[in-house]
Amino acid sequence: MTDTHNGNLAVRCSGCGVHLQTEDQDKPGFIPEKALDREPVICQRCFRIKNYNESSSVTVDQDEFLALLSQIGDKDALVIHIVDLFDFDGSVISGLQRFVGNNPVLLVVNKTDLLPKVTNWNKVRNWVQKQAKEQGLRTVDVLLVSAKQNQGFERLLELVSTYREDRDVYVVGGTNVGKSTLINRLIRDYSDLEQELTTSRYPGTTLDMVNIPLEDGKFIIDTPGIVYPWRFSEIVSRKDLAAIMPDKPLKPAVYQLNPGQALFFGGMARFDFVEGDRQSFTCFISTALNIHRTKLERADELYRDHLGELLTPPTREGASEMPEWTRHEFRIKRGSQSDIFISGLGWVKVNGDNGALVAVHVPKGIRVLVRPSLI
């Protein structure tokens with residue numbers, strides 16, 4: 001079973017698709033020799049994710065990912081691009097159209113279970129279509145799903161049948177958007193494979209293209225989850241990840257603020273209302289993050305003295321690993337109905353119509369932007 005070079009095996013991990021090897025446990029595909037008899041054969045990383053919900057620092061290189069992606073343009077295929085509704089602007093692959101050529105793109109928006117029950121879904125769908133168009137994506141359809149609650153999958157299977165037309169299906173998306181869950185559903189419905197892919201809440205779970213044979217001789221091809229450095233999920237410690245990634249519906253928290261007041265989201269980010277009329281702001285973030293209101297003039301001192309205690313997460317240990325903060329300033333136009341979006345953490349909706357000057361402090365590299373209100 002072993003090749004003659006580098007301890008590489010002629011077998012791929014059935015969880016993440018990477019070539020298995022027995023030599024170096026810091027490299028992708030490591031499997032202890034004694035585990036080779038296990039069924040299914042999976043690498044140590046997938047084994048740990050599956051059994052202990054552990055994460056791993058092995059990820060696919062950005063350039064490698066783009067090289068994999070650019071192969072799709074040469075194929076005749078249906079492309080399913082899966083994004084995270086909670087982190088839409090952080091998880092959509094900008095420039096995807098460049099790579100996939102003329103192949104049709106089906107945009108699947110996961111994690112609808114995180115939005116409040118009373119959400120107007122037609123409006124959300126229109127919002128997604130508009131945002132996707134601005135990103136240069138030409139989509140044949142947009143579908144809202146919840147992998148967690150198994151909602152929207154019957155419709156997904158119908159759409160795949162409609163648009164596939166005897167072609168392969170490529171599934172692309174960032175890390176942590178629910179790609180493996182979606183693929184496993186496709187495997188169950190379309191293929192007679194016994195195995196499922198490793199699903200995990202940690203970045204970079206799928207390391208190589210995984211080909212899943214379909215009954216008609218075509219394949220579903222799962223591509224590695226691309227790691228985006230501008231999302232919170234890529235920079236926080238494992239412990240803090242659970243606090244910032246919501247797994248229950250968001251409970252919008254409304255704050256009436258005077259100019260000169262600030263809100264801390266744990267010790268992860270700070271929102272400053274710099275100037276404008278007294279008005280309300282609605283925070284859409286994980287309920288596990290404590291929101292702390294303070295005066296702007298006290299904010300720096302509070303952060304310096306209480307990070308990892310009053311302002312948590314991060315924990316004290318996690319705080320030492322966080323990058324320095326950067327300040328982003330935005331002028332919100334009158335009557336603009338805007339969200340201030342923080343990638344991987346959520347967003348703040350500006351409710352007033354009179355405009356405002358606001359600022360957001362986040363770890364260096366995290367994406368912050370103003371967008372039309374989602375809700």
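Computed from heavy atoms alone, side chains included, the values below leave out hydrogens, waters and symmetry copies.
Atom CG of Asn102 has 12 or fewer heavy atoms from other residues, nucleotides or ligands within 6.0 Å. Crowding of Glu33 atom CD: a count of heavy atoms from other residues, nucleotides or ligands under 6.0 Å not exceeding 12. Crowding of Lys133 atom NZ: a count of heavy atoms from other residues, nucleotides or ligands under 6.0 Å not exceeding 12. Within a 6.0 Å radius of CZ in Arg316, more than 12 heavy atoms belonging to other residues, nucleotides or ligands are found.
Look at Asp141 and Arg125 and you find a salt bridge, because one of the NZ, NE, NH1 or NH2 atoms lies within 4.0 Å of a carboxylate O, short of that distance. The existence of a salt bridge linking Asp216 and Arg164 is confirmed by a sub-4.0 Å separation between a basic side-chain nitrogen and an acidic carboxylate oxygen. A salt bridge is absent between Arg304 and Glu301: the closest approach of a Lys/Arg side-chain nitrogen to an acidic carboxylate oxygen does not fall below 4.0 angstrom.
Thr119 contributes a side-chain N or O that, together with a main-chain N or O of Pro116, makes up a donor-acceptor pair within less than 3.5 Å. A donor-acceptor pair is defined here as one N or O able to donate and one able to accept, closer than 3.5 Å; no such pair exists between the side chain of Glu165 and the backbone of Tyr163. Judged by distance alone, with hydrogens and angles left aside, the side-chain atoms of Ser338 form no donor-acceptor pair with the main-chain N or O of Val370 at under 3.5 Å. Put simply, the side chain of His292 never gets that close to the backbone of Leu310: no donor and acceptor are under 3.5 Å apart.
A pairwise comparison of heavy atoms in Ala288 and Ala243 identifies CB-O, 3.5 Å as the closest pair. Between Thr22 and Phe30, the shortest heavy-atom contact is O-CE1, 3.3 Å. Considering all non-hydrogen atoms of both residues, Ala356 and Gln279 come closest at CB-NE2, 3.7 Å.
Looking at Val145 and Gln151, their side chains never come closer than 4.5 Å, going by heavy atoms from C-beta outward. With contacts defined as side-chain heavy-atom distances shorter than 4.5 Å, the pair Ile72/Val172 qualifies. In this structure, the side chains of Val124 and Leu115 come closer than 4.5 Å at one or more pairs of heavy atoms. Side-chain contact between Asp168 and Ile221 is present, with at least one heavy-atom pair separated by less than 4.5 Å. Considering only heavy atoms from C-beta on, Ser373 stays 4.5 Å or farther from Trp347 through its side chain. In this structure the side chain of Leu257 never reaches within 4.5 angstrom of the side chain of Arg278, judged on heavy atoms. Side-chain contact between Val350 and Phe281 is present, with heavy atoms from C-beta onward closer than 4.5 Å. Here the side chains of Asn103 and Asp76 are in contact, with some heavy-atom distance below 4.5 Å.
Pairs engaging residues 78-99 under the salt bridge (charged side-chain N to carboxylate O under 4.0 Å, His left out) rule: Asp84-Lys111, Asp87-Arg231, Asp89-Arg371 [sequence neighbours left out]. Listed by first and then second residue, the salt bridge (charged side-chain N to carboxylate O under 4.0 Å, His left out) pairs involving residues 249-268 amount to none (not counting sequence neighbours).
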message = Please evaluate residues Lys349 and Asp339 with respect to the criterion salt bridge (Lys or Arg N to Asp or Glu O under 4.0 Å), reporting the C-alpha separation (whole Å), side-chain torsions for both, the decisive distance (0.1 Å), and the verdict.
response = CA-CA 4 Å; Lys349 180 173 180 283; Asp339 291 339; over 6 Å; no
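When hydrophobic clusters are built by joining Ile, Leu, Val, Met, Phe, Trp and Tyr residues whose side-chain heavy atoms come closer than 4.5 Å, directly or via intermediates, Leu357 is not grouped with Tyr255.
Checked by atom type, the side-chain pair Ser146/Asn110 shows no donor-acceptor distance below 3.5 Å.
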Between side-chain atoms of residues 260-271 and protein atoms elsewhere (two or more places apart, or another chain), which donor-acceptor pairs fall under 3.5 Å?
unit_1: Gln261; atom_1: OE1; unit_2: Asn258; atom_2: N; d: 2.8
unit_1: Arg270; atom_1: NE; unit_2: Asp272; atom_2: OD1; d: 2.8
unit_1: Arg270; atom_1: NH1; unit_2: Asp300; atom_2: OD1; d: 2.8
unit_1: Arg270; atom_1: NH2; unit_2: Asp272; atom_2: OD2; d: 3.0
unit_1: Arg270; atom_1: NH2; unit_2: His361; atom_2: NE2; d: 3.2

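For Pro372, the side chain to side chain contact (heavy atoms under 4.5 Å, CB included) partners at least two apart in sequence or on another chain are Trp127, Gln131. The salt bridge (charged side-chain N to carboxylate O under 4.0 Å, His left out) test applied to Asp24 returns Lys27, not counting sequence neighbours.
Through ILVMFWY side-chain contacts below 4.5 Å, Val118 is grouped with nothing and stands alone.
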